[in-house]
Amino acid sequence: METKTDEVADGIYRFSTFIPEVGIPFNQYLVIADEPLLFHTGMRGLFPLVSEAVAGVMPLERLRWISFGHFEADECGAMNEWMAIAPDAQVAHSAIGVMVSVDDQATRPARPLQDGEVLDLGGKRVRHLYTPHVPHAWDAGLLYEETTNTLFCGDLFGALGESPVVSSDDPVGPAMDAEAAFHPSSITPSTAPTMRRLAALAPGSLAMMHGPVFRGDGRDALERLADAYAGLLAAAE
Ligand SMILES: [Fe+2]
Ligand SMILES: [Fe+2]
């Protein structure tokens, strides 16, 4: 296995490790700023590969913030390894996630983020959107980087197999194929409305955890993803 490094926007790096046994890539994103932020840590087992890749871009001890979509091994499994190597690093996650899991599991107290709260990183600004159960987990939330119009969409979208780094191909079909294969999403009456709230951000890039960086009309893609999940909910009733 190898971890590939690509700069996908000004000061935003994607680290991607394709795991053949699972059949999908696992991506982390580094936002370079006065206070650098890593979105997703990867599993503990990936830490040697991912940290070596990040060290190729930035001294590891500079890391200030660790954030992720929800409390799950691929999202945050290596948070304590990162905090051990970066003395100023601190987890920033949804207030519910901090209360329910992070402050018990992490070696240092975390910074709870309220819905809509902006973390000014100095040169970059990330806004926390609380998205409970979208795509899964009570503590779920995403980050929107305002200066590059990038939504770190976590497990939303995603595609089976190896993906290109950046793609303008329609992300909805592959996302629904992945849904059919893995059933990752909690499909509730609030699923589609939450996705439509993200669509209103009109992101120009959707930085996926298990797929490419989609570049294009993020509003349209999220609206059509919401339509697809609304259809699944209706079909289940
Ligand atoms: Fe997940
Ligand atoms: Fe994930």
Side-chain angles (χ1 to χ4, degrees), residues 3 5-17 26-44 46-131 139-154 203 205 207 209 213:
T3 299
T5 302
D6 290 278
E7 187 172 14
V8 293
D10 180 30
I12 297 183
Y13 289 82
R14 173 186 186 263
F15 305 92
S16 184
T17 311
F26 290 77
N27 304 332
Q28 301 79 38
Y29 292 91
L30 178 68
V31 180
I32 302 275
D34 294 344
E35 299 186 5
L37 177 144
L38 184 69
F39 192 68
H40 309 142
T41 69
M43 298 78 99
R44 280 193 301 154
L46 281 187
F47 181 72
L49 275 178
V50 175
S51 58
E52 186 185 346
V54 174
V57 172
M58 182 190 84
L60 299 181
E61 60 273 16
R62 270 200 67 206
L63 187 66
R64 175 65 182 87
W65 297 106
I66 296 164
S67 194
F68 39 85
H70 43 270
F71 196 85
E72 197 168 46
D74 56 336
E75 274 76 11
C76 66
M79 64 181 175
N80 289 330
E81 281 75 3
W82 282 101
M83 285 195 282
I85 221 162
D88 296 329
Q90 183 182 13
V91 169
H93 185 41
S94 69
I96 286 287
V98 168
M99 181 179 75
V100 171
S101 297
V102 178
D103 268 351
D104 180 71
Q105 298 290 308
T107 50
R108 291 202 282 274
R111 160 81 175 264
L113 296 174
Q114 305 300 326
D115 183 40
E117 185 173 350
V118 171
L119 212 49
D120 190 338
L121 306 177
K124 293 278 191 292
R125 288 168 54 88
V126 288
R127 196 188 315 169
H128 170 71
L129 288 310
Y130 181 46
T131 63
D139 60 312
L142 299 172
L143 288 183
Y144 170 67
E145 203 291 303
E146 296 180 349
T147 72
T148 57
N149 194 19
T150 298
L151 180 66
F152 296 108
C153 62
S205 296
M209 182 178 203
V213 175

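To the nearest 0.5 angstrom, Ile66 atom CD1 is 12.5 Å from His93 atom NE2. Rounding to the nearest 0.5 angstrom, the gap separating the CD atom in Gln105 from the CG atom in Asn80 is 8.0 Å. We find the CG-CE distance between Leu142 and Met209 to be 11.5 Å, quoted to the nearest 0.5 Å. Taken from CH2 in Trp65 to CG in Leu113, the straight-line distance is 7.5 Å, to the nearest 0.5 Å. For the atom pair CD1 (Ile32) and CG (Leu37), the distance works out to 10.5 Å, reported to the nearest 0.5 Å. Annotation: the span from Asp115 atom CG to His128 atom NE2 amounts to 6.0 Å, rounded to 0.5 Å.
Dense packing is recorded around CD of Glu146, with more than 12 heavy atoms of other residues, nucleotides or ligands lying under 6.0 Å away.
Between the side chains of Glu75 and His70, at least one donor N or O lies within less than 3.5 Å of an accepting N or O. A donor-acceptor pair shorter than 3.5 Å cannot be found between the side chains of Tyr130 and Asp139.
When side chains are defined from C-beta on, Val50 does not count as touching Phe26, because their heavy atoms never get closer than 4.5 Å. Side chains of Phe39 and Val31 form no contact here, defined as non-hydrogen atoms less than 4.5 Å apart. For the pair Glu35/Asp88, no side-chain contact is recorded, criterion being any heavy-atom separation below 4.5 Å from C-beta on. Using a 4.5 Å heavy-atom threshold, the side chains of Arg111 and Leu119 count as touching. Put simply, the side chain of Arg127 does not reach to within 4.5 Å of the side chain of Glu117, judged on heavy atoms. Thr148 has its side chain within reach of Lys124: a pair of non-hydrogen atoms, C-beta onward, lies under 4.5 Å apart.
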Sequence neighbours left out, cut at 3.5 Å: what donor-acceptor pairs do the side chains of residues 53-63 make with other protein atoms?
| residue | atom | partner | partner atom | Å |
| --- | --- | --- | --- | --- |
| Arg62 | NH2 | Ala33 | O | 2.7 |

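Pro203 and Leu151 make their closest contact through CB-CB, 3.9 Å (heavy atoms, listed as atom of the first residue, atom of the second, distance). Scanning both residues, Pro112 and Ala95, for their nearest heavy atoms gives CB-CA, 3.8 Å.
Between Phe152 and Tyr29, the ring planes are tilted. Angles from 30° to 60° get that label. Between Phe68 and Phe71, the ring-plane angle classifies as perpendicular under the 30° and 60° cut-offs.
Looking only at distances, a side-chain donor or acceptor of Arg108 sits under 3.5 Å from a matching main-chain atom of Met83. Judged by distance alone, the side chain of Glu72 and the main-chain N or O of Cys76 form no donor-acceptor pair under 3.5 Å.
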